[in-house]
> 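Here you go, one structure.
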Number of protein chains: 2
Amino acid sequence: MVIFVFMLSFTEENYLKALFRLTQENSDEEAGTNELAANLGVKPATATDMLKRLKEKKLIDYEKYGKITLTNTGKKSALKIIRKHRLWETFLYEKLDFSWDEVHEVAEQLEHIQSEKLLVQLDKFLGFPQFDPHGDPIPDKNGKMPLLKAMLLSEVIVNKRYKLVGVCNHSTAFLQFLNKTSLTINNSIEVKEIQAFDKSMTVLINNKNQTILSNEVTQNLLVMLIG
Amino acid sequence: MVIFVFMLSFTEENYLKALFRLTQENSDEEAGTNELAANLGVKPATATDMLKRLKEKKLIDYEKYGKITLTNTGKKSALKIIRKHRLWETFLYEKLDFSWDEVHEVAEQLEHIQSEKLLVQLDKFLGFPQFDPHGDPIPDKNGKMPLLKAMLLSEVIVNKRYKLVGVCNHSTAFLQFLNKTSLTINNSIEVKEIQAFDKSMTVLINNKNQTILSNEVTQNLLVMLIG
DNA sequence: TATAATAGTTAGATTAATCTAACAAATAAA
DNA sequence: TTTATTTGTTAGATTAATCTAACTATTATA
Ligand SMILES: [Mn+2]
Ligand SMILES: [Mn+2]
Ligand SMILES: [Mn+2]
Ligand SMILES: [Mn+2]
């Protein structure tokens, strides 16, 4: 007879994941009920109910009308789900020829599969990847995130070569635009010119395609110097 | 805006799968409420409720107090779930070094992932397999099952070489026993002697290991002549 | 500080999936 | 053909996850 000491529902996992993201973003490590609800596409009343359950399970610290923080257990659980999500995205991208704008939706489902062995073996099968197809860090089995020392394309200087290592915006529209522009991960980018008035950049991609990128775009691209 | 014409819940899918198995076994293509409930580990009352919903969705034909049959739509849905289940089992076995007694539990979860592209690409990645790690046929995209012309080991004659192509019993205990005996798929089996009184067989496995198998065991092994 | 705006909670209802207990229909046995 | 057994349904309750509408607490602003 197997005893499920700590079995989270699909929904609980999604709340934890959202809370992890929000508490990271807010940097004060706190999140509010309304932003949580908005993030998950539910009404605040619904979120309040769930917060009570997550508190009961000691996954969050939270008092009525107060801010929400994750406990250590909560953080660990969230990181595990993120780990699974990003490993699955990597699998779909590397092994099943998905494009980087297609992987997220399916990974949202796959991240909830419960199997320790699956997680371990998938990681091994993929060669212990450190970053997913969007350049996001994959937490290791202990929840530790690898550090990517990259900068925004919008911050770099002219006439050096960089490679694209990540994106800040994960929307399908943005990713598909990048596909069309040959701006996919690991491709090289050389900044030829920067317009002073709108910060748009003339760039050479992979030594082949020259194009102009708006600041809106360059602010969402993470690059590293080549050399 | 995506319109979900026909979205089945996790639970509905499991009922369909169970109904498919039962209606196949019963060969009169019919199933009863109680056996369905027993099969799914729920109470008959629960099954009755679900039957009403499946009928509403035109997945089954069923009248109060009558027998249950799957409609064509119902059969197609069931076959698709079985296809996914067996492809995932094959993936776990072939790519992630799961043993054949470990794959089923995880495939029970993976079979519910919704993604046409995932299904197509997984099939391609695995090389369009026709049989899963237990020797069970994998329905193709149209729901057609490949035919395996095999016989039971209990029915074969002495001094010919066979290979193991499938098992009739999928229990963990049985599969783990076979592992220990080197009786895994595609291994060769030569019948050296058959005891008349209990039909037990002395067999040589892979030209290496000689052992005795009870009729209980040989009745659950599917083999094909090598030659 | 009084008031308006924002943020969060509670109460009450709904839906899917499950249960138990009681009942009804169909089938088998005497 | 009664009666007993098996099979299946109904009614009423429960739990998780959601909603709307109404309420309360906190924070900002005039
Ligand atoms: Mn993602
Ligand atoms: Mn990602
Ligand atoms: Mn299976
Ligand atoms: Mn199988």
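When reading the values below, keep in mind they use all heavy atoms of this one structure, side chains included, and skip hydrogens, waters and symmetry mates. In the text below, chain A, chain B and the rest are named by the order of the sequence lines, each starting its count at 1. Remember, it's a predicted structure, so these values are computed and weren't measured experimentally.
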> Please report, rounded to the nearest Å, how far the P atom of C:dT9 is from the NZ atom of A:Lys55.
11 Å
> Whether A:Lys117 engages the ring of B:Phe98 as a cation-pi pair (distance to the six-membered ring centre under 6.0 angstrom, angle to the ring normal within 45°) should be assessed.
yes
> Calculate the interatomic distance between B:Asp49 atom CG and D:dG12 atom P; express it in whole Å.
14 Å
> Please pick, from D:dT9, C:dT18, D:dC19, the nucleotide with the shortest atom-to-atom distance to any side-chain atom of B:Thr48.
D:dT9
> Can you tell which of D:dT18, D:dG8, C:dT9 lies closest to the side chain of A:Tyr62?
C:dT9
> A:Glu30 has an atom CD; how far is it from atom P of C:dG8, in whole Å?
11 Å
> Looking at B:Lys52, does any N or O in its side chain come under 4.0 Å of the phosphate oxygens OP1/OP2 on D:dT9?
no
> Classify A:Thr33 by what it touches in the nucleic acid, base, sugar-phosphate, or nothing, heavy-atom distance under 4.0 Å.
sugar-phosphate
> Once you round it to whole Å, what is the distance between C1' of D:dA25 and NZ of A:Lys67?
13 Å
> From the list D:dT26, C:dA26, C:dC19, which nucleotide is the closest neighbour of the side chain of B:Tyr65?
C:dA26
> Verify the contact: side-chain N or O of B:Lys43 to OP1 or OP2 of D:dG8, cut-off strictly under 4.0 Å; return yes or no.
no
> Measure the distance from CD on A:Glu56 to C1' on D:dT15 and round it to the nearest whole Å.
15 Å
> Looking at B:Thr46, does any N or O in its side chain come under 4.0 Å of the phosphate oxygens OP1/OP2 on C:dT18?
no
> Rounded to whole angstrom units, what separation is found between the CG atom of B:Leu51 and the P atom of C:dT18?
12 Å
> What is the distance, to the nearest angstrom, from the CE atom on B:Met50 to the C1' atom on C:dT15?
12 Å
> Hey, is the side chain of A:Lys64 poking within less than 4.0 Å of OP1 or OP2 on C:dT10, counting only N and O atoms?
yes
> Between A:Lys95 and A:Phe125, is NZ or CZ placed under 6.0 angstrom from the six-membered ring centre and within 45° of the ring axis?
yes
> Counting the atoms with a prime plus P, OP1 and OP2 as sugar-phosphate, which does A:Ala45 contact under 4.0 Å by heavy atoms, base, sugar-phosphate, or nothing?
base
> Just checking B:Thr11: base, sugar-phosphate only, or nothing, at a heavy-atom cut-off of under 4.0 Å?
sugar-phosphate
> Can you confirm whether A:Met201 sits close enough to A:Ile212 that some side-chain heavy atom of one is under 4.5 Å from a side-chain heavy atom of the other?
no
> My understanding is that only one of A:Asp140, A:Ile138, A:Asp123 makes a side-chain contact (heavy atoms from CB on, under 4.5 Å) with A:Phe128; could you say which?
A:Asp123
> Find the distance B:Tyr15:OH to C:dA16:P and express it as a whole number of Å.
14 Å
> Does A:Lys17 have more than 12 heavy atoms from other residues, nucleotides or ligands lying within 6.0 Å of its NZ?
yes
